2 protein chains.
Amino acid sequence: MDKNSTPLITLNQSLHASGRRMTSQRALVLKILEESTEHLDAETIWERAKAQDERINLATIYRTLIVLKEMRMVDLRYFARDHKREIYEPTSKPEHYHFTCTKCGNITEFSTNRINRMRSQLQNEIGVVLTHTCVCLEGYCHRCAEKNTHNTE
Amino acid sequence: MDKNSTPLITLNQSLHASGRRMTSQRALVLKILEESTEHLDAETIWERAKAQDERINLATIYRTLIVLKEMRMVDLRYFARDHKREIYEPTSKPEHYHFTCTKCGNITEFSTNRINRMRSQLQNEIGVVLTHTCVCLEGYCHRCAEKNTHNTE
DNA sequence: TTCATTGCAAAATTTTTGCATACGA
DNA sequence: TCGTATGCAAAAATTTTGCAATGAA
């Protein structure tokens with residue numbers, strides 16, 4: 001909302017604005033997401049949360065993530081290889097997309113305005129309002145592509 | 001492979017080429033996918049298959065879909081709203097993408113070469129070889145966007 | 001004090017696996 | 001016949017839910 005707000009303050013405001021309450025668990029999950037440079041799924045978040053609060057329950061993590069999503073503090077992402085598993089990232093992170101190398105398994109982030117341009121062109125072309133765009137890319141990274149001129153998969 | 005081949009013949013060839021066997025279940029699942037104009041998940045495929053073969057098991061559906069995917073007879077897709085659930089489509093269908101309206105729930109298919117162009121540009125830009133691109137779009141369809149100038153979600 | 005939130009355990013959902021039997025080539 | 005594929009049941013993996021107890025405002 002406000003340029004001076006930290007994510008925690010923003011969350012606090014959003015929670016109260018919707019008749020919800022700030023709890024230590026919610027603050028903790030948000031902090032973990034904000035501080036992490038890695039991609040976190042619910043279970044990983046749980047493991048990190050337990051280091052701070054050994055009683056915290058996995059169900060609480062899931063419920064908290066739903067609330068954080070509603071408060072627009074986190075985004076859900078998916079990886080091409082493991083689409084079923086939800087990955088959570090703070091919305092404070094600049095918009096980006098993921099590329100998964102099917103050979104070495106590395107997941108790299110990249111950002112490009114090509115996707116944004118495509119997005120707005122598509123909005124006009126198919127006549128809809130896009131609120132969410134998911135782009136998952138999969139293939140061979142530069143290094144693996146070189147070693148691998150003959151691809152079976 | 002060959003212009004004269006039906007999907008069933010192609011499957012048969014691919015199966016044999018990889019030391020696998022054609023079975024009535026595999027033929028049936030492929031037929032269901034080829035004939036359907038809707039989006040099918042594993043359970044729906046199972047229901048339709050049972051109409052033809054009441055003994056067929058859901059585990060067989062899953063195993064068959066894995067094989068059909070390996071034989072490149074089906075593609076896996078996802079919808080923005082329900083990312084976790086896999087949707088299977090025959091590769092004989094022309095390439096297309098899905099847009100989900102979060103208001104009315106309708107899923108529409110569209111195809112555009114914008115995405116293909118973006119794809120090849122991205123390949124160069126980030127220096128990778130893309131083997132799979134997943135694009136899920138979500139938002140408001142034309143009709144719902146009109147009724148809905150004020151959007152909460 | 002009040003009601004949203006949590007912890008716990010149990011259930012739900014979707015997909016995978018082990019194993020004996022059936023069946024395609 | 002030989003070994004792949006199936007059916008069945010049980011397990012695995014991930015997420016959700018019911019409910020009594022807790023705790024924020």
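Keep in mind that what you see is a predicted model, and the values were worked out from it rather than measured. Numbers restart at 1 for each chain; the letters A, B, ... are given by sequence-line order, proteins then strands.
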message = Measuring from the side chain of B:N57 (C-beta onward, heavy atoms only), which nucleotide among D:dC8, D:dT6, C:dT14 has the closest atom?
response = D:dC8
remark   = In whole angstroms, the gap separating P of D:dT16 from CG of A:L65 amounts to 10 Å
task = Rounded off to whole Å, could you give me the CD-to-P distance for the B:Q25 and D:dA5 pair?
result = 11 Å
inquiry  = Within the 4.0 Å heavy-atom criterion, would you say B:R55 contacts the bases, only the backbone, or no part of the nucleic acid?
reply    = sugar-phosphate
inquiry  = Between B:K93 and B:E89 (salt bridge meaning N to carboxylate O under 4.0 Å), is one present in this structure?
reply    = yes
message = Side chain of A:A59 only, heavy atoms from C-beta on: which candidate in C:dT16, C:dC8, D:dC8 is closest?
response = C:dC8
task = State plainly whether the residues B:E70 and B:R20 are in salt-bridge range, i.e. N to O under 4.0 Å.
result = yes
ask   = Charged N to carboxylate O below 4.0 Å: is that the case for B:R48 and B:E38?
value = yes
message = Checking the side chain of A:T100 only, and the main-chain atoms of A:E138 only, is there a donor and an acceptor separated by less than 3.5 Å?
response = no
query = Which nucleotide in the set D:dT6, C:dT5, C:dT16 lies at the smallest distance from any side-chain heavy atom of A:R26?
reply = C:dT5
Whole-Å gap separating C1' (D:dT6) and CZ (B:R21) = 12 Å
query = Would you say A:T60 reaches C:dG7's phosphate, i.e. side-chain N/O to OP1/OP2 under 4.0 Å?
reply = yes
ask   = Taking CG from B:L30 and P from D:dA5, how many angstroms apart are they, rounded to a whole number?
value = 16 Å
message = Less than 4.0 angstrom between a side-chain N/O of B:T64 and OP1 or OP2 of D:dA5, yes or no?
response = no
inquiry  = With nearest nucleotide decided by heavy atoms, which residue, A:G19 or B:N12, maps closer to the 5′ end of DNA chain C?
reply    = A:G19
remark   = On DNA chain D, more 5' by nearest nucleotide between B:L15 and A:L58 is B:L15
query = Does some side-chain heavy atom of B:F110 sit less than 4.5 Å from a side-chain heavy atom of A:L122?
reply = yes
key: 5′-ward residue of the pair B:S24/B:E43 relative to DNA chain C   = B:E43
B:I56 CD1 - C:dA22 P separation (whole Å) = 17 Å
task = Figure out the NE2/P separation between A:H16 and C:dA4, and round it to whole Å.
result = 13 Å
ask   = Taking atom P of D:dA5 as reference, at what distance in whole Å does atom CG of B:L28 sit?
value = 17 Å
key: Spacing between A:D53 atom CG and C:dT5 atom C1', to the nearest angstrom   = 13 Å
request  = For A:R63, answer base if it contacts any base atom (sugar-phosphate contacts may also be present), sugar-phosphate if it contacts only those atoms, and nothing otherwise; contact means non-hydrogen atoms under 4.0 Å.
outcome  = base
